[in-house]
Amino acid sequence: MIVRIPNVLTEEELQSLTQSLAEAEFVEGKLTAGWHTQQVKHNQQLPHNRKTKTLSSLISQSLERNQLFQAIARPKVIHSILLSRYREGMSYGRHIDNALMGGSNFLRSDLSFTVFLSDSNSYTGGELVIEQADDEKSYKLEAGSAIVYPSTTLHRVESVLTGERLVAVGWVQSLIRDRDRREILFDLETVKRSLYAREGKTSEFDLIAKSVANLLRKWAE
């Protein structure tokens, strides 16, 4: 599944992030790229320091409170968040994300996410392009919105033609490793919430809630 999530960040959080990034010093993005992606990664990132950790925590907290993200990702760990900047001429060529991250911690990347921080009208180009079996789709979302997609996909960021593209990217090790099982749980969770909103706590709601809980017990790791 590829899912767009609007308004992950509040206006106050977005303003705080963009102001901090406007004052920050970025470094070459290749420093965090794998050996096979260094030749196609042309962007800038915040170096790892206390300020970056604070900004990354803000992103994590916004995702942790978002019900749609939680239902899609079933996160065990949200990790390896990077704050990136693309200026004119910068891009990130076709690549796949590393399967294991976090150094010796060996955190798995089941899902990737991008949180858009720049106004979509403030730059041209810079679309996130995700390849699927028979086509590819481009994404350029409003500031404060996020997209979540499988880390197993090939993807790229098109060259920025004008302006500046600011994003936060990160990864999820899910409690549910298998993506088909995650989709089943997401569908059931969607029905469960819709049924409750429409009819309250009925016998049918209880049965769906039971199934979701028992599948989580069976599949979570």
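Computed from a predicted structure; not experimentally measured.
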Checklist line | Under 3.5 Å: donor-acceptor pair, side chain of K192, backbone of I208 | finding: no
Margin query: Keeping T52 on the side-chain end and P47 on the backbone end, is there a donor-acceptor pair under 3.5 Å?
Written below: yes
Note to self: Are the side chains of R217 and N214 in contact, using a 4.5 Å heavy-atom criterion?
What the structure shows: yes
Item checked: No-hydrogen, no-angle side-chain donor-acceptor test under 3.5 Å, D206 and S203 -> no
Notebook entry, point to check: Where the side chain of K41 meets the backbone of Y92, is there a donor-acceptor pair that is under 3.5 Å apart?
Noted result: no
Check: Do H155 and D97 have side-chain atoms, one donor and one acceptor, less than 3.5 Å apart?
Finding: yes
Note to self: Let's go through L128 and K140 carefully: what are the C-alpha distance in whole Å and the side-chain angles of both, what is the deciding distance for side chain to side chain contact (heavy atoms under 4.5 Å, CB included) to 0.1 Å, and is it a yes or a no?
What the structure shows: CA-CA 7 Å; L128 171 64; K140 184 177 179 181; over 6 Å; no
Next item on the list: Calculate, to the nearest 0.5 Å, the distance between atoms CD and CD belonging to E164 and Q44 respectively.
Entry: 8.5 Å
Check: What is the minimum heavy-atom distance between R108 and L100, and which atoms define it?
Finding: CA-CD2, 4.1 Å
Margin query: Please enumerate all residues that pass ring pair (Phe, Tyr, Trp, His ring centres under 6.0 Å) together with H42, with sequence neighbours excluded.
Written below: none
Check: CG of N43 to OG of S91: how many Å apart, nearest 0.5 Å?
Finding: 8.5 Å
Next item on the list: Would you indicate whether the side-chain heavy atoms of R4 and L141 approach each other to under 4.5 Å?
Entry: yes
Item checked: F69 side chain reached by V148 side chain, heavy atoms, under 4.5 Å -> yes
Notebook entry, point to check: Should V27 and L31 be marked as a side chain to side chain contact (heavy atoms under 4.5 Å, CB included) after you check the CA-CA gap, both sets of side-chain angles, and the distance that decides it?
Noted result: CA-CA 8 Å; V27 297; L31 297 175; 4.0 Å; yes
Note to self: Under a plain distance cut-off of 3.5 Å, with no hydrogens placed, do Q70 and R65 share a side-chain donor-acceptor pair?
What the structure shows: no
Notebook entry, point to check: What is the minimum heavy-atom distance between T18 and L117, and which atoms define it?
Noted result: CG2-O, 3.5 Å
Next item on the list: Is it possible for you to say whether L68 and L175 belong to one hydrophobic cluster, with membership spreading through side-chain heavy-atom contacts below 4.5 Å?
Entry: no
Check: Do other residues, nucleotides or ligands put more than 12 heavy atoms under 6.0 Å from the NZ atom of K53?
Finding: no
Item checked: Residue E23 excluded, over 12 heavy atoms near CD under 6.0 Å -> yes
Notebook entry, point to check: For the hydrophobic clusters of this structure (ILVMFWY residues joined by side-chain heavy atoms under 4.5 Å, transitively), does one cluster hold both L83 and Y86?
Noted result: no
Next item on the list: Kindly say whether L107 contributes a backbone atom to a donor-acceptor pair with the side chain of N105 at under 3.5 angstrom?
Entry: no
Checklist line | Y196 and F205 aromatic ring geometry - parallel, tilted or perpendicular at 30°/60° bounds | finding: tilted
Checklist line | Heavy-atom pair with the smallest gap, counting every atom of D119 and S122 | finding: O-OG, 2.6 Å
Next item on the list: Considering only NZ, NE, NH1 and NH2 on the basic side and carboxylate oxygens on the acidic side, decide whether R85 and E28 come within less than 4.0 Å.
Entry: no
Next item on the list: Please check if the side chain of S151 supplies one atom and the backbone of L111 the other of a donor-acceptor pair under 3.5 Å.
Entry: yes
Check: Can you tell me how far the CD atom of Q67 sits from the CD1 atom of I72, to the nearest 0.5 Å?
Finding: 12.0 Å
Next item on the list: Test L17 against L9 for side chain to side chain contact (heavy atoms under 4.5 Å, CB included), laying out the working first.
Entry: CA-CA 10 Å; L17 276 164; L9 298 170; 3.7 Å; yes
Note to self: Are L161 and M90 linked, directly or through intermediate hydrophobic residues, by side-chain heavy-atom contacts shorter than 4.5 Å (ILVMFWY only)?
What the structure shows: no
Check: Distance from Y139 atom OH to I2 atom CD1, nearest 0.5 Å?
Finding: 4.0 Å
Margin query: For the CD1 atom of I184 and the CH2 atom of W219, what is their distance to the nearest 0.5 Å?
Written below: 4.0 Å
Item checked: Donor-acceptor pair between S112 and W171 side chains, under 3.5 angstrom -> yes
Next item on the list: Tell me yes or no: between the side chains of E131 and T153, is some donor less than 3.5 Å from an acceptor?
Entry: no
Notebook entry, point to check: Does L82 belong to the same Ile/Leu/Val/Met/Phe/Trp/Tyr cluster as V8, with side-chain heavy atoms less than 4.5 Å apart forming each link?
Noted result: no
Item checked: E136 atom CD, neighbour heavy-atom count above 12 within 6.0 Å -> yes
Notebook entry, point to check: If only atom types and distance count, is the side chain of S174 paired as donor or acceptor with the main-chain N or O of A73 below 3.5 Å?
Noted result: yes
Check: Distance-only, no hydrogens or angles: does the T124 side chain make a donor-acceptor pair with backbone N or O of T162 under 3.5 Å?
Finding: yes
Next item on the list: Output yes when a side-chain donor or acceptor of S16 lies under 3.5 Å from a complementary backbone atom of E12, and no otherwise.
Entry: no
Next item on the list: Quick one: closest heavy-atom pair of Q45 and S84, and the distance?
Entry: CG-OG, 3.4 Å
Next item on the list: Output yes when R74 and E189 qualify as a salt bridge under the 4.0 Å nitrogen-oxygen rule, no when they do not.
Entry: yes
Notebook entry, point to check: Does S109 reach the main-chain N or O of N98 with its side chain, forming a donor-acceptor pair under 3.5 Å?
Noted result: yes
Item checked: For K76, salt bridge (charged side-chain N to carboxylate O under 4.0 Å, His left out) partners two or more places apart -> none
Item checked: Over 12 foreign heavy atoms within 6.0 Å of CD, E199 -> yes
Next item on the list: Using atom types as modelled and distance alone, determine if a side-chain donor or acceptor of E142 lies under 3.5 Å from a backbone N or O of S118.
Entry: no
Item checked: CA sep, side-chain torsions, deciding dist, call: V157, V129, side chain to side chain contact (heavy atoms under 4.5 Å, CB included) -> CA-CA 6 Å; V157 177; V129 181; over 6 Å; no
Item checked: side chain to side chain donor-acceptor pair (under 3.5 Å) contacts in which one or both residues fall within residues 175-185, not counting sequence neighbours -> R177-E221
Check: Are L215 and L195 joined in one hydrophobic group, where the rule is that I, L, V, M, F, W and Y side chains link up if heavy atoms are under 4.5 Å apart?
Finding: yes
Check: Where is the tightest heavy-atom contact between I78 and L63, given as atom of each residue plus distance?
Finding: CD1-CB, 4.1 Å
Next item on the list: Of all the heavy-atom pairs spanning R165 and F116, show the shortest one and how long it is.
Entry: NH2-CE2, 3.9 Å
Check: Roughly how far, to the nearest 0.5 Å, is CD1 of I81 from CG of L46?
Finding: 12.0 Å
